[in-house]
Amino acid sequence: MEYVIFILALAVFVLVVFVLEAIRARKSKKEFIRYLYEDFDDIREKEYPLERYERMGSFFKRHTEEGQLDDITWNDLGMDEVFKRMNYTLSASGEEYLYYTLRTLRQETASLEHLEEMVRFFGEHPDERVRMQYSISKLGYMGKYSLYDYLDNLDLLGERSSRKHILFDLLFLPLIGLLWVQFSIGIMAIVLLIIYNIVTYFKEKSEIDPYITSFSYVMRLMHVCGELEKITIPVCKEELDTICNARKRLQGMRQNSYWVMSPQRGNASGDILAVFLDYIRMVFHVDLIKFNSMLKVLKGHMSDVDSLVQVVGRMETAAAVWAFRKSIENTLSVAEDGAGQRAHCDKAETKEWCIPEFLSKGEAQAGGLQLELGDGYHPLLTKPVKNGISVSRGVLLTGSNASGKSTFLKTVALNAVLAQTIHTCTADRYEAPFFYVYSSMALRDDIASGESYYIVEIKALKRILDAAAGGTRPILCFVDEVLRGTNTIERIAASTQILRSLSRSEILCFAATHDIELTELLQDVFENYHFEEDVRDGDVYFNYRLLAGKATTRNAIKLLSLMGYEQEIIERAAAQAENFAATGVWK
């Protein structure tokens, strides 16, 4: 009777645990779906360790195209932070595709218009968006490495054959028959065969273990794409047809895949069935045999796996763009200048983002390269001062440090990048042709190669000129403090000629400089704009407003006073500067 009570109690305990786990899972799912419906556009901090950054670029590195942002421009513009700001993806595939999207400048309207259709659909159909995101969330992440890191190394496994495993499995049949003739010899032979299979099993299993993670991800990818096919998303018909065909060609991986994919080492979890299956694997090598057949299918259909990743990534990217747009609508505030005045019009009269307009090749060539940015701002600022500009030739920016020059350069550059990647600009208006975008802004000397700052800088500028000489698209480039790494005389002379080269018809250049001489030397090819500050009441005020013309004030020496420098230093510096301005000679 005691045994019956014990068994019943154990059964009740297991049932209670099962029910509680089911309730917890249901509650977690309900909360996650509520988040997708109501709070998905909230800004959430994610951890970005170094290995995650390395993994994020895997899809991009394997899908290089002409005109993509190079590393210098990506780093100059702080695109890692921009990526993190709009990373609303829920899977490794979505994350890697979003990164690829932000580095790939589209050069035609078709792909951007299709992205816009998807973004609008998910914004107008929350049920379909949530179903899509919930399905893709099951895909999860790969950990330290990307799926592509594993797939690239499949060749290291060489040609794997299952003939040996099948042969040794078939040996069990005659040995079992031997039991009826010589029982003791038959038992000994079977035991020796089992020991041999177990020993060789662990050697081969260790070789394939790193790849099981990628196989598992591919299987989840196929399952998730199967769920996506069941969702009615008319704007993604082409994508859904693609995954349907790709899944059919990959079906050979699914049959009996549980031998490879099911949890291993069941004894660790106390699952008796799992323990039994582990021993079946060790003795008969069924998982090794299935792995080899899956490997053969995968090697023959790598492009289909890539298609599944692209479709999942494209859908997640569209949802991320929608969430990014919503988030900036909810977080952007009106900034105030140093005098406490409103820096731009009321929220009701301005837009937080806009869809870019692109000029045709003929329109772009008529009257020079044209770019119009209306009330644009940096997407990482929540209280920005908006600035607009409309130009058809290069722009030269002057002004003191911290007055807003670099931020404005990045504002224009980022809006050009976002226009041609996610079809979204943080501005009231953006109109321009399709560009290739380059920059030379946040450079530093390269200690590893022994190159000085000046060498690094002139190499960065040369690559822009080379791109313009050999490219088929207009170049939009941004240069901050051109040739700051050398002496004044040679800097002004070389800067003048380099900037003249960057004023050719196929280049639109935005440059910032402290060398006021350049405004005179280049006034025939560059428009002059400036930022200024106001030093008063023992403090400095910046209004961050873009003004036409060159800078007319110099406040660097005045700022020394605010920092507590001795009055003698300040007076001598001011007198020396005034004398040079009047005579052109340093004393």
Side-chain angles (χ1 to χ4, degrees), residues 51-65 91-97 99-100 136 138-168 200-226 242-265 281-282 284-314:
E51 58 266 22
R52 185 170 186 174
Y53 274 114
E54 293 176 350
R55 172 176 55 76
M56 287 187 314
S58 294
F59 184 90
F60 165 73
K61 291 174 183 176
R62 290 156 182 83
H63 296 81
T64 57
E65 303 174 21
S91 73
S93 295
E95 189 169 77
E96 291 184 29
Y97 194 86
Y99 181 91
Y100 157 82
I136 292 178
K138 300 174 187 177
L139 189 55
Y141 296 88
M142 287 285 292
K144 184 176 181 180
Y145 299 106
S146 165
L147 172 65
Y148 289 92
D149 295 326
Y150 290 105
L151 297 184
D152 287 348
N153 292 322
L154 287 181
D155 288 338
L156 297 178
L157 289 170
E159 292 296 325
R160 298 182 62 85
S161 172
S162 298
R163 287 195 295 268
K164 180 181 68 173
H165 305 300
I166 295 172
L167 177 62
F168 279 95
T200 57
Y201 173 81
F202 284 107
K203 178 180 180 298
E204 294 206 28
K205 185 66 161 56
S206 64
E207 294 176 358
I208 70 170
D209 258 341
Y211 298 92
I212 290 178
T213 300
S214 61
F215 277 42
S216 178
Y217 191 88
V218 173
M219 299 304 295
R220 295 201 307 273
L221 190 61
M222 293 173 64
H223 175 74
V224 165
C225 287
T242 296
I243 62 176
C244 178
N245 295 327
R247 287 179 67 245
K248 288 178 181 177
R249 289 188 288 267
L250 288 165
Q251 279 303 312
M253 292 189 66
R254 294 181 64 91
Q255 188 175 6
N256 299 323
S257 61
Y258 59 86
W259 285 110
V260 178
M261 301 293 101
S262 60
Q264 304 292 302
R265 294 174 294 278
R281 293 184 182 95
M282 287 186 283
F284 296 104
H285 295 193
V286 288
D287 55 337
L288 301 182
I289 295 171
K290 181 56 187 175
F291 177 87
N292 291 341
S293 68
M294 294 175 73
L295 178 63
K296 185 177 181 180
V297 173
L298 186 57
K299 280 187 172 182
H301 296 89
M302 299 278 274
S303 61
D304 290 313
V305 175
D306 186 65
S307 294
L308 297 183
V309 171
Q310 288 199 49
V311 169
V312 168
R314 200 172 298 150

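Since this is a predicted model, take the numbers as computed values, not measurements.
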Exercise. Could you walk me through whether F168 and R163 pass side chain to side chain contact (heavy atoms under 4.5 Å, CB included), step by step?
Key: CA-CA 9 Å; F168 279 95; R163 287 195 295 268; over 6 Å; no
Quiz item: If only atom types and distance count, is the side chain of S307 paired as donor or acceptor with the main-chain N or O of S303 below 3.5 Å?
Solution: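 Pair found, side chain donor or acceptor close to backbone of S303.
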Quiz prompt | Backbone N/O of H165 and side chain of S162: donor-acceptor pair under 3.5 Å | solution =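 Answer holds: no.
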[atom1]-[atom2] distance between [X] and [Y], expressed to the nearest 0.5 angstrom:
X    : Y    : atom1 : atom2 : result
K299 : L151 : NZ    : CG    : 11.5 Å
L147 : T213 : CG    : OG1   : 10.5 Å
M219 : M253 : CE    : CE    : 6.0 Å
H301 : D306 : NE2   : CG    : 14.0 Å
K296 : F291 : NZ    : CZ    : 14.5 Å
M302 : D152 : CE    : CG    : 6.5 Å

Quiz prompt | Which residues share a ring pair (Phe, Tyr, Trp, His ring centres under 6.0 Å) with Y145, sequence neighbours left out | solution =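 Residues passing ring pair (Phe, Tyr, Trp, His ring centres under 6.0 Å) with Y145: none at all.
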Exercise. Kindly write out the residues that satisfy ring pair (Phe, Tyr, Trp, His ring centres under 6.0 Å) with Y141, not counting sequence neighbours, or none if the list is empty.
Key: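 Y141 satisfies ring pair (Phe, Tyr, Trp, His ring centres under 6.0 Å) with no residue once adjacent residues are dropped.
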Practice problem: Given salt bridge (charged side-chain N to carboxylate O under 4.0 Å, His left out), test E96 with R62 step by step and report yes or no. | Solution: CA-CA 11 Å; E96 291 184 29; R62 290 156 182 83; over 6 Å; no
Quiz prompt | Residue pairs passing the salt bridge (Lys or Arg N to Asp or Glu O under 4.0 Å) test where at least one lies in residues 244-260, sequence neighbours excluded | solution =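 Sorted pair list: E229-R247, R249-D304.
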Practice problem: Would you confirm whether the ring centroid of Y99 sits within less than 6.0 angstrom of the ring centroid of F59? | Solution: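 That pair fails the under 6.0 Å test.
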Practice problem: Answer yes or no: is there an ion pair linking K61 with D149, defined by an N-O contact shorter than 4.0 Å? | Solution: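 Between D149 and K61 there is no salt bridge, as every charged N stays at least 4.0 Å from the carboxylate O atoms.
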Any side-chain heavy-atom pair from [X] and [Y] closer than 4.5 angstrom?
X    : Y    : value
K164 : L167 : no
V311 : C225 : no
Y217 : L139 : yes
L308 : L250 : yes

Exercise. Go through the steps to decide whether M282 and K205 satisfy the test side chain to side chain contact (heavy atoms under 4.5 Å, CB included), and finish with yes or no.
Key: CA-CA 9 Å; M282 287 186 283; K205 185 66 161 56; over 6 Å; no
Quiz item: Could you go step by step and tell me if Y201 and R281 meet the side chain to side chain donor-acceptor pair (under 3.5 Å) rule?
Solution: CA-CA 8 Å; Y201 173 81; R281 293 184 182 95; 5.4 Å; no
Quiz item: Please walk me through it: do H285 and E204 pass side chain to side chain contact (heavy atoms under 4.5 Å, CB included)?
Solution: CA-CA 10 Å; H285 295 193; E204 294 206 28; 5.7 Å; no
Heavy-atom closest contact ([X] atom, [Y] atom, distance):
X    : Y    : answer
S93  : V312 : CB-CG1, 4.0 Å
I136 : V224 : CA-CG1, 3.9 Å
Y148 : S58  : CB-CB, 4.4 Å

Quiz item: When you look at N292 and S161, which way does the side chain to side chain contact (heavy atoms under 4.5 Å, CB included) test go after all the steps?
Solution: CA-CA 7 Å; N292 291 341; S161 172; over 6 Å; no
Quiz prompt | No-hydrogen, no-angle side-chain donor-acceptor test under 3.5 Å, Y100 and E65 | solution =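 Note: Y100 and E65 side chains meet the donor-acceptor criterion.
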Practice problem: In sequence, state the C-alpha distance, the side-chain angles, and the governing distance for Y211 and N153, and then conclude on side chain to side chain donor-acceptor pair (under 3.5 Å). | Solution: CA-CA 9 Å; Y211 298 92; N153 292 322; 5.4 Å; no
